[in-house]
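Following: one structure in structure tokens, then a few remarks.
Letters A, B, ... are given to chains in the order of the sequence lines, protein chains preceding strands, and every chain is numbered from 1. Just the heavy atoms: all of them, side chains too, but no hydrogens, waters or symmetry mates, feed the values below.
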Amino acid sequence: AQTVTQSQPEMSVQEAETVTLSCTYDTSESDYYLFWYKQPPSRQMILVIRQEAYKQQNATENRFSVNFQKAAKSFSLKISDSQLGDAAMYFCAYSFPQGGSEKLVFGKGTKLTVNP
Amino acid sequence: GAVVSQHPSRVICKSGTSVKIECRSLDFQATTMFWYRQFPKQSLMLMATSNEGSKATYEQGVEKDKFLINHASLTLSTLTVTSAHPEDSSFYICSAPRPGPITDTQYFGPGTRLTVL
């Protein structure tokens, strides 16, 4: 079974600094996708960044970037120049194609606090 | 803007009644939608996969007779919590995969907070 592990229940960062959130996963599949979702206090799930497993190049989206280590099954999220609006729960998620539907498996989440 | 909507956003009901929650994809068709449950300070737990034109697929441990799912059209899935009890109080979230150039991306509704008195 696929599992996603986020070992940091809580993290904090100073505004304008950089923080890295950790995620590891377990799978026997070779073709899959990894995601980071953000859930602010409104509880709306927002896609932050996505990585296709077949791509060696790490995905980036403005201040957000990932360090994807396929052999180590590691997928960390780096937030640069942290802003107060980045404060939220961050969930790492995994999916792979299965019969036309791609179910997401989520980690337990990391609560990020941004200090002014 | 939002691509998946949910209604209602909040509902309070009495024990024993049934509650229906709607999930709509706004600008794309979704033959599959997903329903999640989230307890306070916890992660999302997949309850079931809603399939347009066929029966929903439930995850292990989820009571299909309690959580009825109907995928009425390519843009609408409903979750009905039947004979609700206080332990069913939770935050329910739906998602729908939006087609992309390479693969689908799951977009989430804003969630429905259910409180059963």
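- Counting heavy atoms of neighbouring residues, nucleotides and ligands inside a 6.0 Å radius, atom NZ of K66(B) exceeds 12 of them.
- Taking hydrophobic clusters as Ile, Leu, Val, Met, Phe, Trp and Tyr residues chained together by side-chain heavy-atom distances below 4.5 Å, V66(A) shares a cluster with V4(A).
- Residues F64(A) and V19(A) share a single hydrophobic cluster, defined by chaining ILVMFWY side chains whose heavy atoms lie under 4.5 Å apart.
- A distance of 4.5 Å separates CE in M45(A) from CG in L44(B), rounded to the nearest 0.5 Å.
- Once rounded to the nearest 0.5 Å, the distance linking NZ of K103(A) with OG1 of T49(B) reads 5.5 Å.
- Between chain A and the options R113(B), M45(B), Q6(B), the largest number of non-hydrogen pairs under 4.5 Å is found for R113(B).
- Only the side chain of L46(B) comes within contact range of chain A, with heavy atoms under 4.5 Å apart.
- Taken together through direct or relayed side-chain contacts under 4.5 Å among Ile, Leu, Val, Met, Phe, Trp and Tyr, V116(B) and W35(B) form part of one hydrophobic cluster.
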Worked verdict on M89(A) versus K41(B) for side-chain contact (heavy atoms from CB on, under 4.5 Å): CA-CA 9 Å; M89(A) 282 292 292; K41(B) 299 185 179 181; over 6 Å; no
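- No donor-acceptor distance shorter than 3.5 angstrom exists from the side chain of S43(B) to the backbone of G109(A), with no hydrogens or angles considered.
- In this structure, the portions of L104(A) lying under 4.5 Å from any heavy atom of chain B include both its backbone and its side chain.
- With a threshold of 4.5 angstrom between heavy atoms, F106(A) approaches chain B through its backbone and through its side chain.
- Summarising the local packing, NZ of K70(A) is surrounded by more than 12 heavy atoms from other residues, nucleotides or ligands at distances under 6.0 Å.
- In this structure, R43(A) CZ and T112(B) OG1 are separated by 11.0 Å, a value rounded to the nearest 0.5 Å.
- More than 12 heavy atoms of other residues, nucleotides or ligands lie within 6.0 Å of CD in E87(B), so this atom counts as buried by the packing criterion.
- For the pair Y37(A) and Q106(B), the minimum side-chain heavy-atom distance is below 4.5 Å.
- Of the atoms belonging to P97(B), not a single heavy atom falls under 4.5 Å from chain A.
- One N or O on the side chain of Q44(A) and one on the backbone of F108(B) form a donor-acceptor pair closer than 3.5 Å.
- L79(B) and M33(B) fall into different hydrophobic clusters, where Ile, Leu, Val, Met, Phe, Trp and Tyr side chains are chained together by heavy-atom contacts under 4.5 Å.
- Linking Ile, Leu, Val, Met, Phe, Trp and Tyr residues whenever their side-chain heavy atoms come within less than 4.5 Å places V11(B) and M47(B) in a single cluster.
- With a 4.5 angstrom heavy-atom cutoff, Q6(A) does not touch chain B via any of its atoms.
- Taking a 6.0 Å sphere around NE2 of H85(B), one finds it holds more than 12 heavy atoms contributed by other residues, nucleotides or ligands.
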